[in-house]
Amino acid sequence: MKRARSKHLFSRKRKQSAAGEPHCPAPGTEEVYVNSFGTIITEGLRRFEEHYRPQCLADGSEWAKLAHSLRQPLPVAFRVSKEAWSQLEHFHEELKDGCTTAWGRFVPAPRYFPFSRTMSLGCDAKTLRQEQMENPKSALSQLGQWLTKSSAEGRISRQEVVSTVPVAVLRLEPHHVVLDLCAAPGSKTLQALELAGAVIANELSASRACVLARRCTLQERAASLAVVQHKAQTFPGPCGDKTRGFDRIICDVPCSGDGTMRKHPEKWRSWSPHLGRELHSRQLQIALRAMALLKVGGLMTYSTCSFNPLENEAVVAALLLRTGAVLEVVPDLQGLPTRPGLTTWTVEELHGPEGLTKAQRKRFRRSMWPPDCADLHLERCVRCLPFLANTGGFFVALLRKEKPWPTECERRPTPTLQSIQGSSSLQFLDQVPQDVTRDLGIPTTLDTGSLVQRGANKLFYCSDHLVSALQEREKPLSVIAVGTCAFRFQRSLGPPSISIGRQQRNNLRRGKWFLTKGADSMKAVKLRKETNATAAKKILEGHTCSVCGLHRHGSLFSRKMLTRPPSKRKCSDCMAKRAPKKCQCCRVSAS
């Protein structure tokens, strides 16, 4: 059997052949490709060990395990919904003793982590694809096919095990309003959306925010989500107190990302220990703004996918000293071993913030060094190391806000009401517009939530928790997406005519409103969700009853009536009036 070749080796040989260079070193020489992938990882690991060994990141006997795990690809991991677990349990039972692939490689049994309903397979994505091509009927191949299908249907979400920790420790409840301050790519946002009452996901990059919106708006609970675009350091208030602010905040700040080397091994080429020092100030600013927006008594998680203490414990210590917050003990993570946070570390062989030169004071901050205060309990932070459970590297700290911060004298002046009303903001509708009611034949009142019209052709449905969270802002948010699309207006041209001009033809445009397939929007107007494929297409439209002549919505017709021709359709009310009464004694129709 022919062995698969490395894609990195193939691309390098293709470039060398195009340049006229030989594919291999000359016989008898010991020439080594300087840019080979193995050499890049080895050189990166050497710099990694030189920087992190003095930080006591791992014991002396564990450095070999850590270096070995960083060379290995990251196994496939995914988070399972409650509905999909019954189907996944069958594969988990078949692979409980592991399996052997068509290439003769042993794959360990999958590991299940109940604290976040996450499962990690014993192989990486490349091995899973090879097994599907070589042995499609094996249990591992069928599991890979099920993952592809379930991921497209939204029943599972591809997410690393350690990435689920920040949301899992927040203890979310249905009435909580959650802010994800740095949301992209959106895995934590989707995890919080399943548990919380409303989620506001913020992302500064416009392109990443649009990708996040497309990913999240396909979920069933999209009516409780809003995607906004703001700079995290200056996210609009109000500042949190006992009555205002967010109940929970996810603060997953931008970091150097050296904990994701297994997932993105190309980062070894550009990794440097100075990346953490350069990001320290920005991370502290984002964490301070998140603490200001948090409600008194609320919980916030500060997390990074980095090993560097300048990005982790140093930021948490400075945050505790300035805001008076308290570090909470992280709940038990069932099946996921962790290490406590560091209480001491070094900063590039500098003894302290005193005695720095003028050039060094521009690059280093006093908050980078370990604090002198010993009652901060930095050991309550959680560090996830790759060799402990075959995962990536991660850092999580759980903080509780004990008192209002910043104080009244430290807060910036609140914008006047006139400036708020002059800005572009969302307009919430408590009733369905009359033209929508006329086309669909639905009631004008909403059971819950509100509608938002963005543009002339779409109406979005938002839950009550999301509406209250969006209306309590000091200034309007820059909204990328809000709620789920409930109604859309489809335009149609009139009959073709050559004698009229373009302007007259545009004036003859007409159209019709349709109800989308959003589950939340159908519940809002008390409509049923049709499972029959033929009737599901017609239930979203309005139909005319052949008896009473009223134009009514498709949910007021039975499934059998929706499949009949339009001239023979009768609404449920007319069918109930015309139905013959049956005698309760003999069960015979009475005349």
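All values reported here derive from a predicted model rather than from experimental measurement.
- Annotation: side chain of Thr118 is not in contact with side chain of Gln159 (no heavy-atom distance under 4.5 Å).
- A donor and an acceptor atom, one from each side chain of Gln229 and Ser478, are nowhere located under 3.5 Å apart.
- Listed by chain and number, the residues in a side-chain hydrogen bond (donor to acceptor under 3.5 Å, both in side chains) with Ser69 amount to none (sequence neighbours excluded).
- Under the salt bridge (charged side-chain N to carboxylate O under 4.0 Å, His left out) criterion, Glu49 pairs with Arg53, not counting sequence neighbours.
- Between Phe307 and Tyr52, the angle of the ring planes goes over 60°, which puts this pair in the perpendicular group of the 30/60° scheme.
- Using a 3.5 Å distance cut-off with no hydrogens or angles, the side chains of Thr448 and Asp464 do not pair a donor with an acceptor.
- Residues Ser303 and Thr301 have side chains that never bring a donor and an acceptor to within less than 3.5 angstrom of each other.
- The neighbour count for Lys263 NZ, taken as heavy atoms of other residues, nucleotides or ligands under 6.0 Å away, does not exceed 12.
- Residues in residues 269-289 take part in these ring pair (Phe, Tyr, Trp, His ring centres under 6.0 Å) pairs, two or more places apart or across chains: Phe48-Trp271.
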Which pairs of donor and acceptor atoms, one on a side chain in residues 315-330, lie under 3.5 Å apart (sequence neighbours left out)?
from, atom 1, to, atom 2, distance (Å)
Thr323, OG1, Leu319, O, 2.6
Thr323, OG1, Ala325, N, 3.4
Glu328, OE2, Arg400, NE, 3.2

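- Ionic pairing of Asp180 and Lys188 is not present here: no N-O contact between side-chain nitrogen and carboxylate oxygen is shorter than 4.0 angstrom.
- Cys462 places a side-chain heavy atom less than 4.5 Å from the side chain of Val482.
- The pair Arg269-Glu266 does not meet the salt-bridge criterion, since no charged nitrogen lies less than 4.0 angstrom from a carboxylate oxygen.
- For residues 186-220, the set of pairs meeting the ring pair (Phe, Tyr, Trp, His ring centres under 6.0 Å) definition, not counting sequence neighbours, is empty.
- Evaluation of the ring pair (Phe, Tyr, Trp, His ring centres under 6.0 Å) test over residues 368-398, restricted to residues two or more places apart or in two chains, returns none.
- For Thr243, the side-chain hydrogen bond (donor to acceptor under 3.5 Å, both in side chains) test picks out Asp241, with sequence neighbours left out.
- Salt bridge annotation for Lys96-Glu93: present, with a cationic side-chain nitrogen under 4.0 angstrom from a carboxylate oxygen.
- For Gln55, the side-chain hydrogen bond (donor to acceptor under 3.5 Å, both in side chains) criterion is met by Thr346, not counting sequence neighbours.
- Note on residues 192-218: pairs passing salt bridge (charged side-chain N to carboxylate O under 4.0 Å, His left out), not counting sequence neighbours, are Arg79-Glu194, Arg117-Glu194, Glu203-Arg208.
- For residues 288-306, the pairs satisfying salt bridge (charged side-chain N to carboxylate O under 4.0 Å, His left out) are Asp247-Lys295, with sequence neighbours left out.
- Counted by atom type alone, Glu313 and Trp345 present zero donor-acceptor pairs between their side chains at under 3.5 Å.
- In this structure, the side chains of Pro386 and Met261 stay at 4.5 Å or more apart for every pair of heavy atoms.
- Side chains of Leu66 and Glu62 form no contact here, defined as non-hydrogen atoms less than 4.5 Å apart.
- The CZ atom of Arg339 lies 11.5 Å from the CZ atom of Arg383; values are rounded to the nearest 0.5 Å.
- Residues Ser256 and Glu311 bring a donor and an acceptor atom of their side chains to less than 3.5 Å of each other.
- Atom CG of Asp375 sits in a crowded spot, with more than 12 heavy atoms from other residues, nucleotides or ligands closer than 6.0 Å.
- For Tyr112, the ring-ring contact (aromatic ring centres under 6.0 Å, His included) partners are Trp85, not counting sequence neighbours.
- The ring pair (Phe, Tyr, Trp, His ring centres under 6.0 Å) pairs that include a residue from residues 220-267 are His230-Phe235, where partners are two or more places apart or lie in different chains.
- Residues Leu140 and Leu128 form a side-chain contact, since some pair of their non-hydrogen atoms from C-beta on lies under 4.5 Å apart.
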